[in-house]
Structure formats: C-alpha cells, structure tokens
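What you are looking at is a predicted structure, and each value in this text was computed from that prediction instead of being measured. Below, read A as the first sequence line, B as the second, and so on, with proteins coming before strands; counting in each chain starts at 1.
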Number of protein chains: 2
Amino acid sequence: MTSSPHFHILIEKIFSINVTAEELKSIPEPSLRRLPVYLQYLQNARETGKTEISTTLIARDLRLDPTQVRKDLAYTGIIGKPKIGYNIDILINSIEDYLNWNNLSDAFLAGAGNLGLALLGFEQFTKYGIKIVALFDNDGRKIDREVKGVPVLPVEKMASLAKRMHIHIGIITVPASSAQSVAEQMVAGGIKAIWNFAPKMLKLPEEIIVENAQFATSLAVLTRKLAESLKMVE
Amino acid sequence: MTSSPHFHILIEKIFSINVTAEELKSIPEPSLRRLPVYLQYLQNARETGKTEISTTLIARDLRLDPTQVRKDLAYTGIIGKPKIGYNIDILINSIEDYLNWNNLSDAFLAGAGNLGLALLGFEQFTKYGIKIVALFDNDGRKIDREVKGVPVLPVEKMASLAKRMHIHIGIITVPASSAQSVAEQMVAGGIKAIWNFAPKMLKLPEEIIVENAQFATSLAVLTRKLAESLKMVE
DNA sequence: TAGATTGTTAATCGATTAACAATC
DNA sequence: TAGATTGTTAATCGATTAACAATC
C-alpha cells in the first residue's frame, strides 16, 4: 500500500498541500490537443438544443475511441453520470477552465501583415483566452494607426512596453528573416510564451515556451496522404 | 525465415512488383511531421556554406534524439556515410522528393479574406509543392479581380471548374459557418484533399483527406504550458 | 589506426484500446 | 429491471530511446 506511486500525492491531498502544478503536468500532449476539438464539437451540439451527451456519441462523430474520449475529458476534472453521460454546459465550462480560456491573457502581436490581421480578426479570438492588445511593425505606413481598435506601434517599443504591461504572450507573424530578432526582443521584454508562425526555428532560452504553428508541417501530412491515395489507385 | 513479415515484400521487390503504396504508408505520422522541420533547418545550414551534416549535430540543434533523426531521414531513402554524415544538397532533395514538393500541385482556395491572402502571399509557397491557381469568394466586391496574378471567382463556379481543371487540393479559409457547404462543393468538384483552416469539423466522405490546421489546437498547448509554468513558480 | 558516425536490432516508454465492475 | 454508460485496471500497440556492430 505505502509503496503505491500515488501515495505521496494522496498524503498531500489529505493535508491540503498544493499539488496543482504536479497534476497540471500529467496530461499527455495528444489529449491536450484533442480538447479544443471536443470543445468546438460540444458548442455545436449545444446549439441543437441538447443538454446531455455521452462519450459514445462524441467518439462516433469524431471517429475516436470512446474510452479515449472519457480519459481525455477526465483530465479536466469533469464527472459524468452512468447511463446518461455529461451535462454539455458543465462539460464545456470544464474544458475551458482547464485550458484557462475563461481568463483572458493579454498578448502582443508582431507583424501587421495579412496573417497578423487575420489572427486579429479571427472570429471571437477571445474565445481562446487571448486578447491582442497591440500590434508591432516596422513599416512606417502602418505605424501609429489603429486596426480594429488595436494600435500599431514600432517594433523598437515592444520590449519596454511588454515589461511595463507585464505581457506574457507574444505572437510572431513577421517574415522568417526577422523572426529571430523579434523573438529576442520579446524575450527581452519578459515574454514567456511565443506563438511562432514564421517558418523558422527560434533559438531561445530553454525556459521560453515556443509553439510553432508551421503551415509546412500540416501541408506535409496533406500532400503525403494525397500522394499515397493517388498511388493506391494507380 | 519464410515467416518473416518482410518476406513477401522482399519477393515483390525481386520480381519488381510495384509496392510503392505499401512502402509509402509505413512512415509514422510524428516522423512525417518532423520532415519539414529538418528541411528548413537544412536550408539554413546550407546557407552557411556547409556541405555535409551529421544527425548528431541536427539532433543537438533541434533538441531531438540522434537515433530518431536517423530513422526519420531513412524513410526518405537517403543513405549516409559513417563518420561523415549526409550531403546536405542530396538530403534536402531527398526530403523534398519524399514529400512530393518538387512536383507542384494546383490548388483552389476558398475565402479571399486576410487569411486567404496571407496563404497566397506566403513566402515561396511553391516551396511546399502547392500552387494556388484560383481564389473563390462570395463577396461581389472581390470577384473578378486579380490578387497577385490569381483570379478571384464566385464560389458557385468552383465545382465545375475544379472538375474541368482536375484540381485535387482545396484550401478553406472561409468563416466556420460556411465551411461545410464550401467543402461539399469542393468534393462535388472532385477535390480529394482539403486543408481546412475554419474552426469547424467537416463531415465528408471517408475517402476525402482532411487536414485541419486549427489555431485552437496550437493555442491550447501554448496556454496550457504557460499556465503550468506560472503555477510552478507560485 | 582511433574516433566518430551510420544503420539496425532490442529494450523501454507512453498512448491507445480492451475488458469489466459499478452505477443510474 | 435491463440496458447503457461511466470510470478504472489490464493488455496491446506503436513510437522513442538504448545498445552495438559495421564502416569510413
């Protein structure tokens, strides 16, 4: 009994020691990546007037394994009812809370080009817990204007402003050639997490969280699968 | 010996039977997703004047396991030299060939908004084997213009034109509300693979290849990791 | 040659899937 | 109640990592 790997966690719980960080870490990344998919599916389902939903149904619609769906949802702390399933409203809230998408985080976006503007205008971006509070660009024609109520400022002001405003999230939509430099300025401004859309691997201190949203990765899967399927029917 | 699972493949090779489709399927998706990362890294490395590179070095720079890098690269058919490594030019070519990025495929893009235009202007998009040959939109003000030499046409012409031009790839950058309808029109036009940027799960025939490039997934990982790291220092 | 690297086989690790008791 | 669903433990599967002979 005392040799159970969960024993110390149990003890910590009994004595109300904060083990949140420990628990937070435990979700596998594939599960984490599926949560937004469930979220969007559930929001659709809610609009049809449903109030309860089972993992059996979710799994069928999303072509997943029902046990997998149950495990994924369990990470958010939701508890279902045998024979009935889960209350959709509570489930949606549970996922959003888990992702911290109910607390808006301010973010800076560098690169006021088409992609940057697309992200800024992304339908209800705030749904994803992010609020872009300033754009940064080097193009004099863009600077000091406002886009959708968000000011466009020169890049050299980014670091000091980030520090002053305690910004933790930076989004990079500049060309690959200036991505590294922009990233370093973000880090200098105290930014802790960077969402990088530039097709360029950033070299940054290990503690900085970098999520690469590279189109190339996605395209590789697509073109490869297509080549496969065309070969198959040859 | 004869019970080896590779025996029948061996036989097929000896008799020159086409087993390409079989071989193509074998790469694990995580490996496939890493190939574009290597590609971009190698292109950078080439610019510094290097001609040979080892997986030891690649792994260190990209924070991966060297054996993993070797296995990934081996899927493309490349052969290295002990003690030396791989010729960078040949390696780049090998990956591009494997991804079929040396053969440009024509593609249609539906949704001439900011995101659509960002994709269209994406630096050297043709580097990724895709050539967008027409944009489609419902907004009368956009229709019949040209953007960067690519015509903008009304959505209702998409299906028949796709059929006539034998287009296999469709890109969706329309709002979530019209994504399903646009996708169905693409399928009606004979399109086999869809790159979907709309935050909406598409319900399509099983044989259609759908790659969801959803921002939400990427953001979930980012915001979660950030929440973790902030909790840790509490 | 000695040291470094490749390519491959075996061991490990972690995610997915299966089995099943508990439950409404 | 009977049937369906949850939640959990065990088995399976597949990707990653370790070990090591072959090689330049």
Next item on the list: By nearest nucleotide on DNA chain C, pick out whichever of A:P82 and A:R34 is the more 5' one.
Entry: A:R34

Note to self: OP1 or OP2 of C:dG7 versus the side-chain N and O atoms of B:Y75: is any pair under 4.0 Å?
What the structure shows: no

Item checked: Nucleotide forming a Watson-Crick or wobble pair with D:dC20, both distances under 3.5 Å -> C:dG7

Checklist line | Length of the line joining A:I78:CD1 and D:dG7:C1', which is rounded to integer Å | finding: 14 Å

Margin query: With a 6.0 Å cut-off on the ring centroids, do B:F197 and A:F215 count as close?
Written below: yes

Item checked: Nucleotide C:dA18, atom C1' - distance to CG of A:L64 in whole Å -> 16 Å

Item checked: Whole angstrom value for the distance that separates P of C:dA22 from NZ of A:K81 -> 21 Å

Notebook entry, point to check: Is there side-chain contact between A:I88 and A:T51, with heavy atoms separated by less than 4.5 Å?
Noted result: no

Next item on the list: Rounded to the nearest angstrom, tell me the gap between atom CD in B:Q68 and atom P in C:dC13.
Entry: 16 Å

Next item on the list: Name the closest nucleotide to the B:T56 side chain, picking from C:dG7, D:dA15, C:dT5.
Entry: C:dT5

Checklist line | A:P30 vs B:K71, nearer the 5' end of DNA chain C by closest nucleotide | finding: B:K71

Margin query: Closer than 3.5 angstrom, by distance alone: can the side chain of A:S94 be matched with the main-chain N or O of A:T76 as a donor-acceptor pair?
Written below: yes

Note to self: Between A:D106 and A:K131, does any NZ, NE, NH1 or NH2 come within less than 4.0 Å of an OD or OE carboxylate oxygen?
What the structure shows: no

Next item on the list: Output yes when at least one side-chain N/O atom of B:R60 is less than 4.0 Å from OP1 or OP2 of C:dT5, else no.
Entry: no

Notebook entry, point to check: Judged by atom type as modelled, is there a donor-acceptor pair below 3.5 Å linking the side chain of A:T223 to the main-chain atoms of B:W101?
Noted result: no

Notebook entry, point to check: Can you tell me how far C1' of D:dT6 sits from CD1 of A:I58, to the nearest Å?
Noted result: 12 Å

Next item on the list: Please check the phosphate of D:dG7 (OP1 and OP2 only) for any side-chain N or O of A:R70 closer than 4.0 Å.
Entry: no

Margin query: What's the closest nucleotide to the side chain of A:D65 if the choices are D:dG7, C:dT6, C:dA18?
Written below: C:dA18

Notebook entry, point to check: Out of C:dT17, C:dT8, D:dT6, which has the shortest distance to the side chain of B:T67?
Noted result: C:dT8

Notebook entry, point to check: For B:I84 and D:dC24, what is the distance between atoms CD1 and P respectively, to the nearest whole Å?
Noted result: 9 Å

Check: Are OP1 or OP2 of D:dT6 and a side-chain N or O of A:T55 less than 4.0 angstrom apart?
Finding: yes

Check: Where the side chain of B:K83 is concerned, which of C:dT16, D:dT5, C:dA4 is the nearest nucleotide?
Finding: C:dA4

Checklist line | d(CG, A:N87; P, C:dC24) in whole Å | finding: 16 Å

Note to self: How many whole angstroms separate atom CD of B:E52 from atom P of D:dC24?
What the structure shows: 14 Å

